[in-house]
Amino acid sequence: MTRTLVLMRHGKSGYPPGVGDHGRPLADRGRREAALAGRWMADEGLRIDAVVCSTATRTRETLERTGIDAPAVYVDDIYGGAPHEILEALRVHAPADAGTVMVVGHSPGMPTTALTLDSDGHIERFPTSAYAVVTVGVPWDRLGLDVDPDARLVGTRIPRE
Ligand SMILES: O=C(O)[C@H](O)COP(=O)(O)O
């Protein structure tokens with residue numbers, strides 16, 4: 001089975017006074033671009049089977065705005081997570097039979113995870129709402145272990161009007 005991993009950074013966020021980092025919401029632009037990302041994914045034929053999302057408000061809101069209604073789990077380790085934590089979350093939470101899994105997280109976690117999986121990959125920039133598409137050649141529960149993931153960074157998309 002070909003597995004595809006979509007690593008998405010949350011949309012542009014706001015900084016309302018008195019709201020801690022974890023609770024910060026999206027800005028209007030972030031809401032629009034997250035919705036656009038959902039449309040771009042659909043247009044390129046990405047049908048998401050399962051989602052692993054950071055617990056931060058801005059990532060939850062990003063997922064909601066994409067319109068993707070696949071089953072989602074919310075994992076605190078994605079918030080501020082390094083690649084090994086993100087891969088561990090996938091090992092634990094990605095359903096074995098899911099063909100395409102999306103992680104909604106942060107920078108630098110999302111782009112560095114893509115480059116950890118494909119060390120020959122290249123990412124010039126990864127602004128808010130960007131997503132990377134990575135094919136993976138091993139079951140989800142082997143990611144991040146001492147196993148070649150046989151992964152390829154297919155590309156990065158930056159949804160903008
Ligand atoms: O992805 C990120 O850069 C962090 O979550 C910080 O978010 P921000 O850039 O919206 O402040």
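Every heavy atom of this structure was used, including side-chain atoms; hydrogens, water molecules and symmetry mates were not. All figures in this text were calculated on a predicted structure; none of them were measured in a lab. First listed ligand is number 1; within each ligand, the first listed atom is number 1.
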Next item on the list: Apply side-chain hydrogen bond (donor to acceptor under 3.5 Å, both in side chains) to S54 and list each qualifying residue two or more places apart in sequence or on a separate chain.
Entry: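 Per chain and number, S54 pairs via side-chain hydrogen bond (donor to acceptor under 3.5 Å, both in side chains) with T59, H106.
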Item checked: V103 vs M110, side-chain contact (heavy atoms from CB on, under 4.5 Å): CA-CA, chis, key distance, verdict -> CA-CA 8 Å; V103 180; M110 295 299 95; 3.7 Å; yes
Check: Under a 4.0 Å N-O cut-off, is there an ion pair linking K12 with E33?
Finding: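 Here K12 does not pair with E33 in a salt bridge, since their nearest N and O are not under 4.0 Å apart.
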Margin query: Holding to side chain to side chain contact (heavy atoms under 4.5 Å, CB included), I want the full list of residues that pass it with R3, two or more places apart in sequence or in another chain.
Written below: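 Here the qualifying residues are M1, V136, P139, W140.
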Next item on the list: Could I get the full list of salt bridge (charged side-chain N to carboxylate O under 4.0 Å, His left out) partners for D21, not counting sequence neighbours?
Entry: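 Residues passing salt bridge (charged side-chain N to carboxylate O under 4.0 Å, His left out) with D21: R24, R58.
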Notebook entry, point to check: Which atom names give the shortest non-hydrogen contact between L153 and A114, and what distance separates them?
Noted result: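 Closest pair (atom of L153, atom of A114, distance): CD1-CB, 4.3 Å.
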Check: How would you list, by chain and number, the residues with a heavy atom under 4.0 angstrom from ligand 1?
Finding: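 Contacting ligand 1 under 4.0 Å are R9, H10, S13, Y15, R24, R58, H106, S107.
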